[in-house]
Amino acid sequence: MSKDVQDLSHSLEKTQITENQVNKPTETKVAEQTTSRNQDETNTSNSRKQENSRQFQADMPTFDFHRFLEQMKEPSAGPIARYTKGFISAFHRREAWTVNEQVKFIQDFLNFTYVKMRDCDVWRDISEKEFENAKEGMEKLVMNRLFNVTFSPNTMDDKEKDDILHHKIKIFRWIREKHLDIPVTADNDSFLTFAEAELVKMNNYKAPRDKLICILNCCKVIFGLMKHMEGDEGADVFLPLLIYVVIRANPPRLISNVQYISRFRNPDHLRSEAGYYLTNLMGAIEFIETMDASSLSVTQEEFEA
């Protein structure tokens, strides 16, 4: 693993998802790169690492799902546990749902429950930061239980769009950096491989927050690579790099994941840094869906070859 990517990996650990009920994804292995640098380059590298350490701090606070589950076991949380169990049962009993109805029903329940949680002894006197952890825990608990009926629902065409996008990306796997006007550096492959792995991790998780963190981490890695590009070359390549990562990774169920996050993640958190990255991922998907020769640095003959 290259040193800069290793530093980035350690920084991203601050945003990794911890959940006892989900198998942890295999750690990304990035090919180690051997480069010879003079003393001036070494000093520059050290400066970059310090910048990376500041850059790759997530905008999301540390989340402790286990702590929330322990709080739910407290006697004063009994009413909340009963509300939640009844809500999940009622949700599963209803057969005909539109997506908009699902979104409204879940958000109304969560907003109602957050107010009731503050009346419980276990949450009454804790700080806003600690209570935010409890709210995140409740969203995750509910969405984990409702995942099978809210992810890529039968009433929508998410699955069909997934298949179309996946097939189109397979056709265009020949695309390289030059076709998207991306500068090539010695660091590209290691960073891009790392970014791919973060994006693909979305399918290891059920909660919208956990999936969104995978997108956040993918984009943080891309910004790490941009720091290694000379001068102005790296200034305007974030979206092309994200497009290229999507093409390289071709993650299954990408549109379903993006739609699921958009529908069921707390709207307040979609106005954050991570929400900005989600919007960019949507833009990358749209670019790929409509991509033709005029979208790339390639001739029509090369495109059709």
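This chain uses plain numbering: 1 for the first residue, then up along the sequence. Note that the structure is a prediction, hence the values are computed from the model and not measured.
With rounding to the nearest 0.5 angstrom, the CD atom of Glu177 is 12.5 Å from the OG atom of Ser297. Here the OH-CD1 distance, from Tyr244 to Ile182, works out to 7.0 Å after rounding to the nearest 0.5 Å. Once rounded to the nearest 0.5 Å, the distance linking CG of Leu281 with CG of Leu239 reads 10.0 Å. With rounding to the nearest 0.5 angstrom, the CZ atom of Arg271 is 8.0 Å from the CG atom of Asn266. To the nearest 0.5 Å, atoms CG (Asp210) and CG (Asn204) are separated by 10.5 Å. Atom-to-atom distance recorded for Met291:CE and His179:NE2 is 11.0 Å, nearest 0.5 angstrom.
Outside the 6.0 Å centre-distance limit, the rings of Phe109 and Tyr83 are not counted as a close aromatic pair.
In the hydrophobic cluster analysis, where Ile, Leu, Val, Met, Phe, Trp and Tyr join through side-chain heavy atoms closer than 4.5 angstrom, Val200 is grouped apart from Leu254. By the criterion of side-chain heavy atoms lying less than 4.5 angstrom apart, applied directly or through intervening Ile, Leu, Val, Met, Phe, Trp or Tyr residues, Ile288 is grouped together with Met282 in one hydrophobic cluster. When the side chains of ILVMFWY residues are joined at heavy-atom separations under 4.5 Å, either directly or via intervening members, Phe194 and Val184 end up in two distinct hydrophobic clusters. Cluster membership check: Met72 does not share its hydrophobic cluster with Val115, using side-chain heavy-atom separations under 4.5 Å among Ile, Leu, Val, Met, Phe, Trp and Tyr. Ile164 and Ile247 sit in two unconnected hydrophobic clusters of ILVMFWY residues. Membership requires side-chain heavy atoms under 4.5 Å apart, directly or through other members.
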Going through the checks in order, is the side-chain contact (heavy atoms from CB on, under 4.5 Å) test met by Glu302 and Leu296?
CA-CA 11 Å; Glu302 290 174 321; Leu296 305 168; over 6 Å; no
Trace of the side-chain contact (heavy atoms from CB on, under 4.5 Å) decision for Val237 with Asp181
CA-CA 8 Å; Val237 294; Asp181 297 324; over 6 Å; no
Would Thr155 and Thr98 count as a side-chain contact (heavy atoms from CB on, under 4.5 Å) if you check the C-alpha gap in whole Å, the side-chain angles of each, and the deciding distance to 0.1 Å?
CA-CA 7 Å; Thr155 55; Thr98 67; 5.8 Å; no
Step by step, would you call Glu70 with Arg67 a salt bridge (charged side-chain N to carboxylate O under 4.0 Å, His left out)?
CA-CA 5 Å; Glu70 290 299 313; Arg67 174 173 172 75; over 6 Å; no
Report the C-alpha distance between Met143 and Leu110 in whole Å, list the side-chain angles of each, state the deciding distance to 0.1 Å, and finish with yes or no for side-chain contact (heavy atoms from CB on, under 4.5 Å).
CA-CA 11 Å; Met143 295 314 303; Leu110 290 174; 5.8 Å; no
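The salt bridge (charged side-chain N to carboxylate O under 4.0 Å, His left out) search around Asp121 returns Arg124, not counting sequence neighbours. Partners of Glu128 according to the salt bridge (charged side-chain N to carboxylate O under 4.0 Å, His left out) rule, which considers only residues two or more places apart in sequence or in another chain, are Arg118. For Gln259, there are no side chain to side chain donor-acceptor pair (under 3.5 Å) partners at least two apart in sequence or on another chain. Residues that satisfy the salt bridge (charged side-chain N to carboxylate O under 4.0 Å, His left out) test with Glu101, not counting sequence neighbours, are Arg94. Partners of Asp292 according to the salt bridge (charged side-chain N to carboxylate O under 4.0 Å, His left out) rule, which considers only residues two or more places apart in sequence or in another chain, do not exist here.
Summarising the geometry of Ala195 relative to Ile222, their closest heavy-atom pair is CB-CG1, 4.3 Å, with the distance given to 0.1 Å. Scanning both residues, Phe264 and Val103, for their nearest heavy atoms gives CE2-CG2, 3.8 Å. Looking at every heavy atom in both residues, Arg263 comes nearest to Met156 through NH2-CE, 3.7 Å. Minimum interatomic distance between Cys120 and Ala77 (heavy atoms only, all atoms of both residues): SG-CA, 4.4 Å. The two residues Ala293 and Gln300 have their closest heavy-atom pair at CB-OE1, 3.3 Å. The two residues Phe65 and Gly137 have their closest heavy-atom pair at CE1-O, 3.4 Å.
For Ser76 (side chain) and Val122 (main-chain N/O), a donor-acceptor pair under 3.5 Å exists by modelled atom type. A donor-acceptor pair is defined here as one N or O able to donate and one able to accept, closer than 3.5 Å; such a pair exists between the side chain of Asn188 and the backbone of Thr185. For His92 (side chain) and Arg145 (main-chain N/O), a donor-acceptor pair under 3.5 Å exists by modelled atom type. Distance alone, capped at 3.5 Å, places no donor-acceptor pair between the Lys116 side chain and the Ile80 backbone. Judged by distance alone, the side chain of Ser190 and the main-chain N or O of Asp187 form a donor-acceptor pair under 3.5 Å. For Asn203 (side chain) and Pro252 (main-chain N/O), a donor-acceptor pair under 3.5 Å exists by modelled atom type.
Counting only heavy atoms from C-beta outward, the side chains of Glu289 and Ile255 approach each other to under 4.5 Å. Here the side chains of Tyr114 and Met117 are in contact, with some heavy-atom distance below 4.5 Å. A heavy-atom distance below 4.5 Å is not found between the side chains of Phe238 and Leu241. A 4.5 Å side-chain heavy-atom check between Phe191 and His228 finds at least one atom pair inside the cut-off. At least one side-chain heavy atom of Ile261 sits under 4.5 Å from a side-chain heavy atom of Ile215. Two residues are said to be in side-chain contact when any heavy atoms from C-beta on lie closer than 4.5 Å; Val99 and Pro153 meet this criterion. Using a 4.5 Å heavy-atom threshold, the side chains of Met202 and Arg253 count as separate. By the 4.5 Å heavy-atom criterion applied to side chains, Phe91 and Gln102 are counted as neighbours.
Screening residues 134-154 for ring pair (Phe, Tyr, Trp, His ring centres under 6.0 Å), with sequence neighbours left out, gives Phe147-Phe151, Phe147-Tyr260, Phe151-Tyr260.
For CD of Glu286, the number of neighbouring non-hydrogen atoms (other residues, nucleotides, ligands) closer than 6.0 Å is 12 at most. Dense packing is recorded around NZ of Lys168, with more than 12 heavy atoms of other residues, nucleotides or ligands lying under 6.0 Å away.
Salt bridge annotation for Glu132-Lys129: absent, with no cationic side-chain nitrogen under 4.0 angstrom from a carboxylate oxygen. Remark: Arg209 does not engage Glu139 in a salt bridge, criterion side-chain N to carboxylate O under 4.0 Å. The residues Asp268 and Lys135 are annotated as not salt-bridged, no charged nitrogen and carboxylate oxygen being separated by less than 4.0 angstrom.
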